[in-house]
Every structure is written in structure tokens, then in C-alpha cells.
There are 2 protein chains.
Amino acid sequence: MPNPVSRRTFLGAAAGGAAASVAPRSVDAAERHLPVRLEKPLRVESLSTPALLIDLAAFESNLAKMAESLKARGVGLRPHAKTHKCPVIAHKQFELGAIGICCAKVSEAEVMTDAGINDILITSPVVTKEKIDRVIACAKRIGHLQMVVDNTKTAQDFNDAAAAAGIVLSVIIDLDTGTRRTGIAHGEPALGLGQLIAKLPALKFEGLQAYAGQIMHVKGYEKRKARSEETIAKAVDTRALFEKNGLEVAVLSGGGTGTFDVDSNIEGITDIQAGSYPFMDLQYRAIGDSNSDVYDYFDPSLFVLSTAISKPVEQLITFDAGYKSFSTDAMNPEFRNVTGVVYHWGGDEHGMVQLKEPSQPIALGDKFELMVPHCDPTVNLYDYYHPYREGMVHELWPIAARGRSQ
Amino acid sequence: MPNPVSRRTFLGAAAGGAAASVAPRSVDAAERHLPVRLEKPLRVESLSTPALLIDLAAFESNLAKMAESLKARGVGLRPHAKTHKCPVIAHKQFELGAIGICCAKVSEAEVMTDAGINDILITSPVVTKEKIDRVIACAKRIGHLQMVVDNTKTAQDFNDAAAAAGIVLSVIIDLDTGTRRTGIAHGEPALGLGQLIAKLPALKFEGLQAYAGQIMHVKGYEKRKARSEETIAKAVDTRALFEKNGLEVAVLSGGGTGTFDVDSNIEGITDIQAGSYPFMDLQYRAIGDSNSDVYDYFDPSLFVLSTAISKPVEQLITFDAGYKSFSTDAMNPEFRNVTGVVYHWGGDEHGMVQLKEPSQPIALGDKFELMVPHCDPTVNLYDYYHPYREGMVHELWPIAARGRSQ
């Protein structure tokens, strides 16, 4: 996998001290897959807020833990890039042995293709001619692109487009694991689709996807394990049905950050599509573990830095991060290092923090790290990560696929 | 007010038909305040989805209605740019007589300053030296910048920074209208701050801000009217107290899309800070009017175009727009032109649409317009608007201040 060989230096505002904390607006699109080196390192507390932070110690530990855990079990790691949307991070995952990455959408895969990523599975179906053509265009540019398909008409359309482009496209059948969101039914319906794909000359059938999004956040390890084993068992049965009918299933891709430790033990699973593990979030922490209410095998590494900006009444202090700085589909943000305070949403631009028994004083101008409720859609709000080590930010990592939901 | 005098033509992908529906990634930051002309107009149905649409007929009617309504009452319109984050739209508001715009954050004001906007009120307090310096830098570049302040320490800091920069900064006192989010208490506390500001040589006291966010979404016109009149009455009293004490209050800024028709009739209010009126959203529609459950004085003009991409089971069909394509802080999206269907969130990338009694068939590949729950944080997810008239998109409008929450 190609690595970023050169690093741009951000000279622009860096000379101006405080102004250097402003993310550059002028980074050329073609270079958005590389880290942007700051001319002068910045202290975290000097950043302009709201700012999206990565605590590198926790982040690197998470990357290594997942990579080593799956390696020990002989299962491939195919991290989902829909979480980080950042080629810099994808390259780090490859350095630790990832076999490829997942992308949720074609436009996300285009950004990763531009960044030199050479092995991509697109995990969400597309059906329109425009999107099919864009998938084919990516497939022509990289070593290995796998596209999910979940119906016969689209399989035929992909075959026609691939034939017209003079390529053979690798195809994975997306199974409906019970989410009822995407995918074809297990058993005969899936087999029928597989048999069609096997016959179509410009498609290569490579395997099955069994991602069970509805199970990732089941609370309690034992419950989650039971649900996931039951769900994956059906995919394993479908796999057996395919092989009984002479269709080789090279790939059975499934699992996520919430079930990787269950699914990677199931015979037949070839790779795990975990996305959130580099960052974690409050939603994942809340799913609990076998002996704890908190799922803390991975450490939170993603934070929003926010500043206290107003204190109209005694028991509240207002911070500068609201709906535009956190996704709001899960719980509320929480302070990383302060207890006895409760963050309440204060609209688009603000959080109103209730001061119950704050474990430390909070004054106007103070900046604090907040844990994010749900990492993927929060990341999607920012242009850059500010990775830091020992309190210092040395470079910015562009979130090159931010907003690429097409 | 300067208008965009030249229009860039987007040549890049435009030659490729379907590819032209992809927003350009290469627009130079310095030109992000101008419309991006498409070489070849696109039909709405040909756009790559999810795409953010503006129905120009509704949008232009909304702009005109608000402008004319306030003009008739002799009250200034100072639209809030935190909603649209788009200099192209700000310029249109000026063309219809806006006296200035509001920005929520300094980084947003910087984008509008870059775009040649000459009169800006920053409506949310800042307290750190870095942000204070950036406010001063904007103030040096444009004709008239007003900054809100809600405490004496920050007033002093702004005075020192303005003096060091050799300017006199216009200051508005932010009143806590009962939101308890930002602002100083009415009456004596506000007066004390006003008297300090009046004494500080590098600050010019210009007036009061009384924005009551908590009232905008009170359901029912009569209730909303009563609440707003009661709230604004306190600001009018504080204004009287200032004037009794020899402080001229040139500005009393308040109101929003939900209360403009109430507040603009109150003696003493000088300008209305409405943001959402160009677009409307489901949350505003739900507040109701005097004789209707729906507040429909303004028409919805903002939509997300989304494609049906999978149909795993009979009663559901999955669309390609989820948490990353709509803000989730309010209700669920709704179809514009189809009844008998219910949109449910399907995670980061999808919506799962329940087919109860669809008023028209929905097949894979079909694209539909969805009404947005809350316009401001939804806009903040996209890089471009696709404005259309009679089904055709002729240009893209960059959301130049997207992500500028600092």
C-alpha cells in the first residue's frame, strides 16, 4: 500500500501564532490525502474551538489492539472508512496489516482511490446508471474493488457496464441479516443471485457480506454474543448452500466494533468490517462488556475541544459546540476530565453545561475535551483532525471524504 | 453591497453527462463566494444523491415576503447567515434591502468578510484572545462590524485589542432573554455593562440584542405572540433604562422566523434577525399559525434529493440518505410529494421508508425530494446547494461557511 511520502507544510497562517490554530482553507484538493504539517507545533489549549482532536496514544493503541487480535485469530481486518473518512488513517490501518478498507458510498471510495488505496469493498448497494458507472471507473483505477449487489436487475446492469468498460468486476452479495435495510434474503434467494452472477461474464462472484448493524449496540456481552452467533450462523449456512452448489465463497465479510470478538471466532468468517474501533464513542462504551457496564476494550481517542463562552446564570456555563459540532442521533456529549457536570444541547452553536458538583473549576475561556456520542456522523462535520501527543499538535489530517455521502 | 460580478464556469466534469452531477472538488477557496455555473444545465433527477436542493420559486418568494413585510413596518431585516452559510444567498438578501447580516461565529464572519459583505453582527459571545483578535481583524476589513458582549471582563479585553489595532469597535450588549444560554441580565446588570462600554475609548456602544431562541418554536400563534411580547417588553424596558441614563440605544435587535410578525410590531425593535425564512423546515412548519396547525406563511424551499437503493422486504424501501445527510436533532424527514409513507432513520447512510399506502409507486432508482427537519444543521452537512427552476439546475452555490463553527 502506498504511504504518504511527502508531507505538506502549512505555512500560511502559521506565522501568526494564534491564527495558526485556524485550519487552512487553501489545501489543494489533490493533496487532501496527506497530513498537513504545521510549521510550528501547537498546544492543544491554543486551538481555535470547536476542534476535532485525536489523542494519538489511545488511537494508536486501538489500531494495534484490533490488528493484533484479528491476526491472532487468522481473520482479516477490513476497516470501515465511513467512520474516519481519512486517507491518512486508512494508510495507518494498512501499515498494521489491514487487507483492504470498506467504503459506504461511491464518492467515499473515489476519495480513497484518489489517495492510492488499492483494495476497497463498497458496502452499500447502488442502482442508478450514474453510480454504477462511477463504481466501474474506480474499479478500473485500483487493484481490487469489490461491489455489493443485492438484486438480479442490478447485477445485470453492473455486468453490462463492466463489459462495456472492458473489465471484470468483483462482486459480493449483500445479505439481509435482519436489519431489513439492505441485502437479499438468505438461502435460495441469495443462491439464485449468486448463480446469476456466476454466469455473467463481466462479473466475478467473490463472496457474501453479512453485516448486522442492529446487533452492534445490543447491551451486554452475552446478549450481543448470542444475537451475533445466531445471525452469522445463517450466513454460514448460506455459504454452505453456495458451496454445495459449486459456488466458491472466498469472502464472508461481517462483524463490527461491537461484535468483532464474537464474529472473528466463528468458522467461515473471513474478514471483519470494524469502523469505530480507532475512536470509540459514548454509544459504543454504553454497550457494556462481559464484566462491566462499559465497553472499554478500546479507549476513547476522539474528542471535541470546546470553550466556555458565557455564564448568564450561576448553575450553568455555555460552551461553543452544539448541533453543528456533534452528531445528535445518540446521547449527549460528556466531559472527558470533569465530573459533576451535565452537557445539555443549547442549539446549533452551543452546549449548556449544568454545574452540579464540578470536580474542577470551569471559567470563561477554559477549553475542555468532550467525548463524542457517535463518532461517524460527528467526524463528518469537520474538515480536519488535530492529532496530538503529549499535548502538542504537529500536523492536521484532512477528512478528505467529509460530506461524500453520494 | 458588492455583488458577484463574475461567475465561474464549472468545466471539469461537466462534459461527462452523469459525472457533471458531481459537485466539483477543485473550486478555489478564494472563489467559494461565487455561484459555480454549470457548462450544461442538469435535470434535478440526474443529480447524484444525496443532494441539497433549493426550489428557487419558493425560495425567492420567501426572500421577498420577509423583505416586504418588514419594510412595510419600517423595521430593518438583518438575516442570520448561520442558516445558509452562503455568500451567494447573503448577497441576494442585500439586493432585497437587508441592512446587514448576522453571523453566529467568528469563522463564519470571516467567510462573509472574504465575500465582500460589509455589515455584520456577530451574535454569539467570544472570550479568548485568539477569537477577540480575529473579530478585530474582520472589523478592520469591513465597513461596519458589530460584536456582542455580555460581561465586563470581555468588554475590557475587546477595548484593549481594538485600541492596540487602532480602531473603534461597535458593540452590542447581548441580553439574556430567558434562554439562560448567553447574555447579561436585564436592568441594572446590563446598564452597568453599558456604562462601562460607553467609557472605554476603543468601544462604541450601539445597542442591545434580545434574541429569544426558546420562543421561536412555541406552538400556536397566540401563545407565541404572548410569550414574545412579554420577553421583548423586558428588553424595551432595559432600553428605556439605558436612555434614561443618557446612553443612546441605536439598535434593539431580536426576533426570528418564528416571531418576526410579532416582534416587528413592537415599538423599539429596530431589526429582525430571522435565519430560516428562506428555506423553512419541518420544525418551523410544526409551530402552527393563528388559524392552522401548519406555519406556512413561508414555503419549504430546501430539500434533500435521495434515491431508493434497496428493497429487502415488501413493506420497506431503503433510501441513500441518513444521519450524514440530515440533521437529527428534530423530527424525521418527510417526503415532499408522496403521502402514505414514513421515513425512519436507517443509520449513518440510509433512511428506511415504510410503505403504508404510498400515493405513488416507488421503485429502485427513483429519486424523491425530502423535506428537512431542521435547516441550519442540515445545510452544514453539504458543500453546495443545487438551486433549480422548472426542474433544471444551472449553477451550484457553494456553502462557503460550512463547518465554520469556530
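Nothing here was measured: the structure is a model prediction, and the numbers come from that model. The sequence lines fix the lettering, A, B, ..., with proteins before strands; numbering per chain opens at 1.
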* To do: Measure Asp320(B) against the heavy atoms of chain A and call it side chain, backbone, both or neither at under 4.5 Å.
  => both
* Structure fact -> Heaviest contributor of heavy-atom pairs below 4.5 Å to chain A, chosen from Ala51(B), Gly346(B), Gly403(B), is Gly346(B)
* Where does Leu316(A) contact chain B at under 4.5 Å (heavy atoms): side chain, backbone, both or neither? -> side chain
* Just give me the residue among Val127(B), Val313(B), Ile309(B), Asp329(B) that pairs up with chain A most often, heavy atom to heavy atom, under 4.5 Å. => Asp329(B)
* **Engaged part of Thr182(A) at the chain B interface, taking heavy atoms whose separation is under 4.5 Å** => both
* Counting only heavy atoms closer than 4.5 Å, note whether Asp376(A) contacts chain B via side chain, backbone, both or neither. => both
* Thr49(B) versus chain A, heavy atoms under 4.5 Å apart: side chain, backbone, both or neither? -> both
* Less than 4.0 Å between a side-chain N and a carboxylate O, is that true for Asp157(A) and Lys153(A)? -> yes
* **Which of Arg181(A), Lys311(A), Lys131(A) touches chain B most, by non-hydrogen pairs under 4.5 Å** => Arg181(A)
* **Which portion of Ser405(B) sits near chain A, non-hydrogen atoms under 4.5 angstrom** => both
* Can a donor-acceptor pair be found between the side chains of Ser48(A) and Glu130(B) at a distance below 3.5 Å? -> yes
* Structure fact -> Answer key: most heavy-atom pairs under 4.5 Å with chain A among Pro50(B), Pro125(B), Pro377(B) is Pro50(B)
* **Side chain, backbone, both or neither of Ser306(B) within contact of chain A (heavy atoms, under 4.5 Å)** => neither
* Structure fact -> Of Lys367(A), His374(A), Arg402(A), Lys105(A), the largest count of non-hydrogen pairs under 4.5 angstrom with chain B goes to Arg402(A)
* Structural part of Lys82(A) lying under 4.5 Å from a heavy atom of chain B -> both
* What part of Lys324(B) is in contact with chain A, defined as an atom under 4.5 angstrom from a non-hydrogen atom: side chain, backbone, both or neither? -> both
* What part of Asp348(B) is in contact with chain A, defined as an atom under 4.5 angstrom from a non-hydrogen atom: side chain, backbone, both or neither? -> side chain
* Asked: For the residue pair Tyr385(B) and Phe279(B), does the interplanar ring angle fall in the parallel (under 30°), tilted (30 to 60°) or perpendicular (over 60°) class?
  -> tilted
* How would you list, by chain and number, every residue that makes a salt bridge (Lys or Arg N to Asp or Glu O under 4.0 Å) with Asp150(B), sequence neighbours excluded? -> none
* Structure fact -> If one checks every heavy atom of Ala137(B) against chain A at 4.5 Å, the contacting part turns out to be neither
* About how many Å separate CG of Leu355(B) and CD1 of Ile317(B), when rounded to the nearest 0.5 Å? -> 6.0 Å
* **Modelled atom types, side-chain donor and acceptor of Thr154(A) and Asn151(A), under 3.5 Å** => yes
* ring-ring contact (aromatic ring centres under 6.0 Å, His included) involving His217(A) - partner list, sequence neighbours excluded -> Tyr284(A)
* Asked: Going by atom types alone, do Gln273(A) and Gln209(A) pair a side-chain donor with an acceptor below 3.5 Å?
  -> yes
* Should the pair Asp176(B)-Arg180(B) be classified as a salt bridge under the 4.0 Å nitrogen-to-oxygen rule? -> no
* Of the backbone (N, CA, C, O) and the side chain (C-beta and beyond), which part of Ser325(A) lies under 4.5 Å from a heavy atom of chain B, both, or neither? -> side chain
* So, for Phe326(A) and Tyr343(A), is the gap between ring centers shorter than 6.0 Å? -> yes
* Under 3.5 Å, side chain of Thr257(A) to main-chain N/O of Ser276(A), donor-acceptor pair present? -> yes
* Asked: Can Arg134(B) and Glu110(B) be counted as an ion pair, charged N to O under 4.0 angstrom?
  -> yes
* Selection from Ile184(A), Thr328(A), Asp174(A), Leu364(A) maximising heavy-atom pairs under 4.5 Å formed with chain B -> Thr328(A)
* To do: Give, as side chain, backbone, both or neither, the part of Thr128(A) having an atom under 4.5 angstrom from any heavy atom of chain B.
  => side chain
